[in-house]
Each structure stands twice: as structure tokens, then as C-alpha cells.
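Everything below concerns the one structure shown next.
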There are 2 protein chains.
Amino acid sequence: MSEKLVRIDKIDRRILECLQQDGGLTNQELAERVGLSPSPCLRRVRALEEAGVILKRVTLLERKKLGLSLTAIILISMDRHIPERFEEFQKRIEECPEIQECYLITGHDADYMLKAVVPDMDVFQELLLNRITRIPGVSGVHSSFVLRRVVDKTDLPLGYV
Amino acid sequence: MSEKLVRIDKIDRRILECLQQDGGLTNQELAERVGLSPSPCLRRVRALEEAGVILKRVTLLERKKLGLSLTAIILISMDRHIPERFEEFQKRIEECPEIQECYLITGHDADYMLKAVVPDMDVFQELLLNRITRIPGVSGVHSSFVLRRVVDKTDLPLGYV
DNA sequence: GCCAAATTCGCAAACACCTTGCGGGCATTT
DNA sequence: AAATGCCCGCAAGGTGTTTGCGAATTTGGC
């Protein structure tokens with residue numbers, strides 16, 4: 001299910017490029033852009049979904065319009081590197097809707113890198129002090145805040161496919 | 001255009017929750033889920049788009065199926081903090097399709113935090129040495145690599161709206 | 001380089017969905 | 001209590017999706 005042996009030709013790549021950019025495209029528009037008639041185009045999209053290349057379609061919302069004006073980058077270190085601690089940490093992090101990303105990373109500075117979206121500093125403080133630092137094993141926490149979004153996109157580079 | 005005075009009631013919130021999770025929902029399905037008939041539902045969606053709350057719809061793809069198995073977190077420091085350097089840096093970063101996120105951040109450790117998606121270490125090395133570190137003003141670079149994606153989602157927390 | 005097999009295309013028809021104007025009901029205001 | 005404005009649902013026409021099928025193209029073997 002997760003092997004990467006998926007044949008992707010020129011047309012598939014253009015389909016993926018278009019859909020990455022605009023998931024609201026009708027099949028007709030998509031077909032026109034990739035130079036195909038609607039039916040084979042839809043069949044290719046279905047096949048790409050079936051193959052697991054296309055994961056899901058989502059709608060992106062504007063943070064500021066929703067009063068979510070603060071984005072924080074949090075680096076976290078764990079004291080004892082035992083599996084149970086990591087499992088527990090990950091479970092607790094998944095429960096926080098404010099956390100959009102959480103990666104286990106290499107390097108000695110930190111074990112986890114998180115990105116959180118909150119309305120303001122008060123909520124951030126609550127998240128950090130009441131929820132994150134209370135998780136067993138969390139020893140070091142370092143937070144930065146996003147001043148400016150230079151790049152913030154979801155599309156993958158398809159030039160290597 | 002970017003003020004946040006947007007009236008969002010219970011139904012709008014449910015619409016946004018549904019669309020964040022599944023952008024491929026038909027208007028009929030959406031209407032049913034939020035307890036509305038198709039026409040007022042579509043009108044609300046249109047209004048939310050018009051108001052700029054709904055930004056765009058995108059399709060998320062599976063990295064590994066496309067041979068993009070390496071994700072890097074890069075922290076960058078700049079030597080002289082003059083506007084021209086930052087402008088130039090940002091312009092050059094935008095040209096890299098591998099860079100999905102680039103934030104200007106607070107804190108003394110770094111000025112920018114980037115996330116890059118690449119096929120392998122060779123490409124990462126090329127990106128880092130030939131493109132990023134060659135940008136005038138870049139003085140410090142620290143890279144980490146993603147070992148495991150604990151959380152990786154695009155939906156915002158709507159509990160505060 | 002040719003032929004057979006498999007794949008993938010485009011067409012057309014049936015179906016589902018979107019989209020608009022309109023009338024009616026509910027809430028808020030005067 | 002009446003008037004106003006807002007938002008709902010209905011219905012009809014237009015648009016897009018989806019399926020089977022025959023034709024064309026590509027793939028692989030000899």
C-alpha cells in the first residue's frame with residue numbers, strides 16, 4: 001500500500017500539478033488543461049487516488065480572518081529517550097487542535113519541532129504551560145514566533161518525478 | 001480586504017470545519033452535513049470565499065509515492081539585518097520549488113525557518129550549497145531532518161471563532 | 001520491423017449536481 | 001403591532017460527471 005512503484009507519465013504529472021494548485025477544478029477544466037477529453041482524465045484522477053498518490057482534497061482558510069493571528073514554532077527536547085515517553089508525547093500532541101505540524105527530527109538541539117496556530121499570546125501561554133510542558137519527558141522548550149510568511153504552500157516539487 | 005470583521009455563525013463554522021477536512025465534498029453533501037438545503041449552503045460558501053475566509057482549495061499528494069522521501073528543517077541566520085538583504089533572500093527562496101515554508105521568525109538562534117521537500121540527500125546538498133548558502137547575507141545554516149511525521153495537517157483550530 | 005495484445009483514448013447518453021430567481025417565513029427594529 | 005430586512009427552501013434550466021463501448025494508439029515479443 002505504501003510502495004512507491006507508481007508509473008506516472010507526462011499527463012499524470014500535469015494533472016497532479018494542476019490539482020495541487022487548484023483542487024476545485026472541474027474535471028472538464030482539468031481535462032482541457034492537460035489536453036485530454038473528460039473521460040480519460042477522470043479515469044486517471046481516479047487511478048491516482050486509488051494508487052495513493054492523491055491523498056485528499058482540502059480547503060485552506062485565512063488565519064487572520066478567523067482571529068488566529070499568532071503562529072509559533074516550538075522546539076522540544078526530551079529527557080529520557082524511551083519509546084513509552086515518545087508514544088505518550090505524540091498521543092498528547094495529537095489532541096491539540098492548535099498544533100498543525102509535529103515532527104520528530106534529527107539533531108542535538110531538539111527532538112521535536114512543532115508549529116502551532118493560536119489567536120493570541122494568552123492562548124499560546126496556556127497551550128505551552130498547561131498542555132505541552134506537562135507532558136512527561138519534556139525537558140527543554142524553545143519558542144519562536146512567525147513575523148512574516150515568505151512562503152507557505154502545500155504543493156510538492158514535481159520536477160523530480 | 002484583510003480586516004477580520006467577518007460575522008461567522010454556528011452554521012458557517014460547521015461549513016468551514018467540513019470543508020477544511022474535505023475540500024472535495026459536493027455542495028449537496030455539505031448542505032446535508034450542516035443541516036441546510038443546497039442553495040443557502042452554496043450561498044454561504046460563496047460569501048465566505050468573497051469575504052476571504054476561504055482562501056483556496058488544494059489537493060494534497062503523498063510525498064513517498066512521488067519519490068520525495070526527505071524533508072528538511074533549515075534554520076538560517078543573516079549577517080547584516082538590512083532590508084535589501086532580506087528582500088533578496090526572500091526573492092531567491094521563492095524561486096525554489098522544494099521550499100514549502102519559509103518564515104521570518106523571532107529569536108536569536110535564527111532569522112528564518114524553512115521546510116524543504118527533496119528526493120534525497122544529493123538534491124538537498126545541491127539546494128543547500130548551490131542555492132541557499134549562496135544568497136548574500138546568509139551567515140549561519142543549521143539543518144535537521146524529519147524522522148517521523150507525528151502531525152501534519154492543514155486545518156486550523158476553529159474552536160476560538 | 002511486424003504483428004498481436006493490452007492499454008488508453010474519445011464519443012454519447014444517462015445521471016447527478018450546480019445555480020438562479022422567486023416566494024414565504026422568521027427575527028429584529030420602529 | 002406593523003414594517004423591514006435577512007435568510008431559508010423550492011423548482012427549473014444549465015452544467016458537469018460518469019459509464020459502456022468501439023476505435024486508435026502504444027507495448028512487447030518474435
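Just so we're clear, the structure is a prediction, and the values are computed from it rather than from any experiment. Numbered from 1 within each chain, the chains take letters A, B, ... in sequence-line order. Computed from heavy atoms alone, side chains included, the values below leave out hydrogens, waters and symmetry copies.
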Using atom types as modelled, flag every donor-acceptor pair under 3.5 Å from a side chain in residues 111-123 of chain B to any protein atom, sequence neighbours excluded.
residue: B:Asp111; atom: OD1; partner: B:His81; partner atom: NE2; Å: 3.4
residue: B:Asp111; atom: OD2; partner: B:Met78; partner atom: N; Å: 2.7
residue: B:Asp111; atom: OD2; partner: B:His81; partner atom: NE2; Å: 3.2
residue: B:Tyr112; atom: OH; partner: B:Gln90; partner atom: OE1; Å: 3.0
residue: B:Lys115; atom: NZ; partner: A:Glu101; partner atom: OE1; Å: 3.4
residue: B:Lys115; atom: NZ; partner: A:Tyr103; partner atom: OH; Å: 2.9
residue: B:Lys115; atom: NZ; partner: B:Glu101; partner atom: OE2; Å: 3.1
residue: B:Asp120; atom: OD1; partner: B:Asp122; partner atom: N; Å: 3.1
residue: B:Asp120; atom: OD1; partner: B:Val123; partner atom: N; Å: 3.0

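- Distances shorter than 4.0 Å separate none of the side-chain N or O atoms of B:Arg46 from OP1 or OP2 on C:dC18.
- The distance between atom CG of B:Leu42 and atom P of D:dG14, rounded to the nearest whole Å, is 18 Å.
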Output a table of nitrogen or oxygen pairs between the protein and nucleotides 23-28 of chain C separated by less than 3.5 Å.
none

Side chains of residues 82-89 of chain A: which donor-acceptor pairs under 3.5 Å do they make with residues two or more places apart or in other chains?
residue: A:Arg85; atom: NH1; partner: A:Asp79; partner atom: OD1; Å: 3.4
residue: A:Glu88; atom: OE2; partner: A:Arg92; partner atom: NH1; Å: 3.0

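- Counting non-hydrogen atoms under 4.0 angstrom, B:Arg43 reaches a base of the nucleic acid.
- Within the structure, side-chain hydrogen bond (donor to acceptor under 3.5 Å, both in side chains) contacts touching residues 17-27 of chain A (residues at least two apart or in different chains) are A:Arg13-A:Glu17, A:Thr26-A:Glu29.
- Residues from residues 8-39 of chain A with heavy atoms under 4.0 angstrom of DNA chain C, sorted by number: A:Leu36, A:Ser37, A:Ser39.
- Remark: A:Phe145 engages A:Phe124 in a ring-ring contact (aromatic ring centres under 6.0 Å, His included) (not counting sequence neighbours).
- B:Arg44 meets the side-chain hydrogen bond (donor to acceptor under 3.5 Å, both in side chains) test with B:Asp9, B:Asp12; sequence neighbours excluded.
- Helix bend of the helix from C:dG1-D:dC30 to C:dT30-D:dA1: the angle between its two end axes, each built from five pairs, comes to 50° after rounding to 10°.
- Residues satisfying the side-chain hydrogen bond (donor to acceptor under 3.5 Å, both in side chains) test with B:Thr154, not counting sequence neighbours, are none.
- Between B:Arg43 and B:Glu50, no side-chain nitrogen of the basic residue sits less than 4.0 Å from a carboxylate oxygen of the acidic one, so the salt-bridge criterion is not met.
- For A:Thr71, the side-chain hydrogen bond (donor to acceptor under 3.5 Å, both in side chains) test picks out A:Arg149, with sequence neighbours left out.
- Residue pairs meeting the ring pair (Phe, Tyr, Trp, His ring centres under 6.0 Å) criterion with at least one partner in residues 51-80 of chain A, sequence neighbours excluded, are absent.
- For the pair A:Arg44 CZ and C:dT7 C1', the interatomic distance rounds to 10 Å; values are reported in whole Å.
- For A:Glu126, the side-chain hydrogen bond (donor to acceptor under 3.5 Å, both in side chains) test picks out A:Arg131, with sequence neighbours left out.
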